[in-house]
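Lettering of chains follows the sequences in order, A, B, ..., and the numbering in each one begins at 1.
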Amino acid sequence: MIPAIRGTHDILPGEVERWQRVEAVSRRLFERYGYAEVRTPIIEREELFAKGTGETTDIVQKEMYAFTDKGGERITLRPEATPSLVRAFVEHSLEQAMASPKIYLFGPMFRYERPQKGRYRQFHQLDVEVFGVSDPAVDAEVVDLAWALVGELGIANAELVVNSVGCPACRPAFGEALLKALGEDVTRLCGDCQRRAGVNPLRIFDCKVPQDQPIIDGLPHSVDYLCDACRDHFAAVERHLGMYGIPYRVSHRLVRGLDYYTRTTFEILAGNIGAQNAILGGGRYDGLVKQLGGPDRVGIGFAAGIERLVLAMPDGARDDGRRPLFVAAMGEPARESALALLRDLRRAGLEAHMEYEGRSIKSQMKRADRLKAAFALILGDDELAAGVVSVKDMTKGGQARVSRDAVVNHCRALVAGGQE
RNA sequence: GUGGGUAUAGCUCAGUGGCAGAGCGCCGGACUGUGGCUCCGGAAGUCGCGGGUUCGAACCCCGUUACCCACCCCA
């Protein structure tokens with residue numbers, strides 16, 4: 001056997017229905033909020049993420065599936081969606097081509113990480129982005145959309161966390177304030193935190209080591225170091241969220257791992273899905289479009305992990321509700337006739353199955369039962385001679401003979417009746 | 001990259017040195033043209049892989065791989 005690649009998974013019948021539900025619910029919702037779908041390639045230039053996601057991030061430093069192709073280009077499988085969507089926005093001048101540049105994407109992402117619950121090497125995200133609107137009302141609208149998505153999927157125990165990480169004007173001062181407040185205490189933090197202090201001090205807030213918490217609790221908060229413009233913006237976002245009645249918590253410890261975030265950041269956490277409990281995360285990235293060579297346009301969006309949404313969704317009924325028809329045949333002449341009937345049923349828009357190998361009528365009926373067939377259409381020598389089909393109601397047990405010419409319409413009526 | 005756990009039939013698992021097992025599922029029969037319930041029978045295994053100890057290893061030892069969980073990171 002040749003097994004699947006580590007950290008990748010087949011999504012099989014029984015589970016795929018949950019994925020289809022996520023897709024259907026989110027597409028419907030995104031379109032209600034005015035978004036249009038965009039599909040971008042899975043491979044991109046490595047440079048796009050080095051510049052976009054950020055050279056200092058773990059994603060770029062050690063998690064990308066990057067390689068040199070036969071033409072000598074540095075290529076990578078995309079580790080996240082936002083830089084690709086920014087690239088598409090710039091490359092196709094979407095701000096002029098679209099009446100309103102609000103786009104969404106659904107697809108696989110790749111990161112070379114150690115797999116665990118809710119974390120895979122090929123995983124799937126749905127991602128939305130809005131370009132060119134700096135008004136805080138849009139921040140709140142995007143958060144509202146995220147919250148609505150989680151709600152429509154029936155995910156209970158979800159928690160919305162919001163923060164502001166400032167902008168290039170005020171964030172450096174906050175970083176310095178952090179390091180100054182830490183002072184000598186840096187040496188008493190865990191090894192990871194000491195490393196973070198050098199690379200990205202804000203990430204110290206992510207630490208879960210119990211011994212570090214007293215020190216971290218004493219550190220300054222980013223919201224207290226915002227410039228006037230960022231402070232006003234965040235206050236307006238909070239006002240809108242309050243107006244929408246969305247329950248949220250402001251956490252100064254919400255610092256996201258991607259370099260491009262500015263001002264508003266948010267996450268939705270789910271309970272009971274393991275340690276990887278962030279099912280959705282996003283924020284504003286006002287400098288990214290320009291950073292990637294486009295016009296100076298702001299942006300905001302979020303990404304949700306489909307695997308994690310599916311984990312967090314309540315267990316639906318396992319029954320998919322399909323009640324097909326089953327054609328059973330006895331003898332070679334009847335089999336020929338049954339094949340034609342099978343095709344006619346399908347042409348008429350009905351789901352129909354048949355046992356292709358010449359098994360006993362008993363095992364054919366067994367198969368019909370397993371398929372949860374609503375009706376079995378039985379064809380034997382008797383039926384053939386009389387020009388009829390025996391139609392057995394698998395639920396009630398009754399059986400009636402219907403003429404071959406009328407049986408397709410008869411079945412269509414039966415199935416339509418059963419769906420009421 | 002680090003740590004812990006696990007690996008036996010399609011699935012879930014029992015078996016701790018002496019014949020490879022159960023439940024569910026699958027196939028067939030009881031019922032020769034009728035499913036579900038019941039009963040009977042059957043098929044199905046590289047006991048993850050490699051080495052070692054032993055008269056004898058699914059079981060003990062060493063190594064290795066994969067999976068799961070956690071750290072890290074993040075959706």
Worksheet item: Do you see a donor-acceptor pair shorter than 3.5 Å between the side chains of Glu80(A) and Thr53(A)?
Response: yes
Fill in: Quiz item: cation-pi between Arg121(A) and Tyr112(A), 6.0 Å / 45°
yes
Worksheet item: In the strands shown, is A7(B) matched to any nucleotide by a Watson-Crick or G-U wobble pair with both distances under 3.5 Å, and which?
Response: U65(B)
Worksheet entry | Span that lies between the P atom of U8(B) and that of C47(B), in whole angstrom | 11 Å
Response to the item:
Mate of G35(B) across any strand shown (Watson-Crick or G-U wobble, both atom pairs under 3.5 Å) is none
Item to complete: Step through it carefully: locate the ring centre of Tyr261(A), locate the ring centre of Tyr285(A), and say whether they are under 6.0 Å apart.
Response: no
Worksheet item: Listed by chain and number, what are the ring-ring contact (aromatic ring centres under 6.0 Å, His included) partners of Tyr33(A), not counting sequence neighbours?
Response: none
Worksheet item: In whole Å, what separates the P atom of A58(B) from that of A66(B)?
Response: 25 Å
Can I get a per-line list of side-chain donor-acceptor pairs under 3.5 Å for residues 264-281 of chain A, giving both atom names and the distance, sequence neighbours left out?
residue   : atom : partner   : partner atom : Å
Thr264(A) : OG1  : Asp139(A) : OD2          : 2.6
Glu267(A) : OE2  : Arg256(A) : NH1          : 2.7
Gln276(A) : OE1  : Arg308(A) : NH2          : 3.4

Worksheet item: What are the two closest heavy atoms between Leu149(A) and Ser26(A), and how far apart are they?
Response: CD1-CB, 3.6 Å
Worksheet item: With rounding to whole Å, what would you report as the distance between A14(B) and C71(B) at their P atoms?
Response: 26 Å
Fill in: Rounded distance in Å between the C1' positions of G50(B) and G25(B)
33 Å
Worksheet item: Expressed as a whole number of Å, how far does the C1' atom of A57(B) sit from that of G1(B)?
Response: 35 Å
Worksheet entry | Counterpart base for A22(B), defined by Watson-Crick or G-U wobble contacts under 3.5 Å | U12(B)
Fill in: Spacing of Arg263(A) atom CZ and Ser134(A) atom OG [to the nearest 0.5 Å]
7.5 Å
Worksheet item: Who does A70(B) pair with, Watson-Crick or G-U, both distances under 3.5 Å?
Response: U2(B)
Discussion item. Could you tell me if Glu238(A) and Tyr248(A) have a donor-acceptor pair between their side chains, going purely by distance under 3.5 Å?
Written reply: yes
Discussion item. Say we look at C27(B) and G35(B): how far apart would their C1' atoms be, to the nearest angstrom?
Written reply: 16 Å
Item to complete: May I ask you to check whether Thr68(A) and Arg74(A) show a side-chain donor-acceptor distance below 3.5 Å?
Response: yes
Worksheet item: For the rings on His252(A) and Phe205(A), is their centre-to-centre separation under 6.0 Å?
Response: yes
Worksheet item: What is the pairing partner of A58(B), taking Watson-Crick or G-U wobble pairs with both distances under 3.5 Å in any strand?
Response: none
Response to the item:
Protein heavy-atom contacts under 4.0 Å, written 5' to 3' over nucleotides 67-75 of chain B as B (base), S (sugar-phosphate only) or - (none), form the string SSSBBBBBB
Item to complete: Using the six-membered ring of Phe106(A), assess whether NZ or CZ of Arg27(A) lies under 6.0 Å from its centre and within 45 degrees of the ring axis.
Response: yes
N/O contacts under 3.5 Å, protein versus nucleotides 10-12 of chain B?
none

Worksheet entry | side-chain contact (heavy atoms from CB on, under 4.5 Å) involving Pro172(A) - partner list, sequence neighbours excluded | none
Practice prompt. Could you give the distance separating C26(B) and C67(B) at their C1' atoms, to the nearest angstrom?
Written response: 26 Å
Worksheet entry | Strand partner of G41(B), provided both Watson-Crick or wobble distances fall under 3.5 Å | C27(B)
Worksheet, complete the sentence: Protein-proximity profile, nucleotides 30-43 of chain B, B/S/- by nucleotide at the 4.0 Å heavy-atom cutoff, equals -B-BBBB-------
Discussion item. Work out how far the C1' atom of G28(B) is from that of C61(B), and round it to whole angstrom.
Written reply: 46 Å
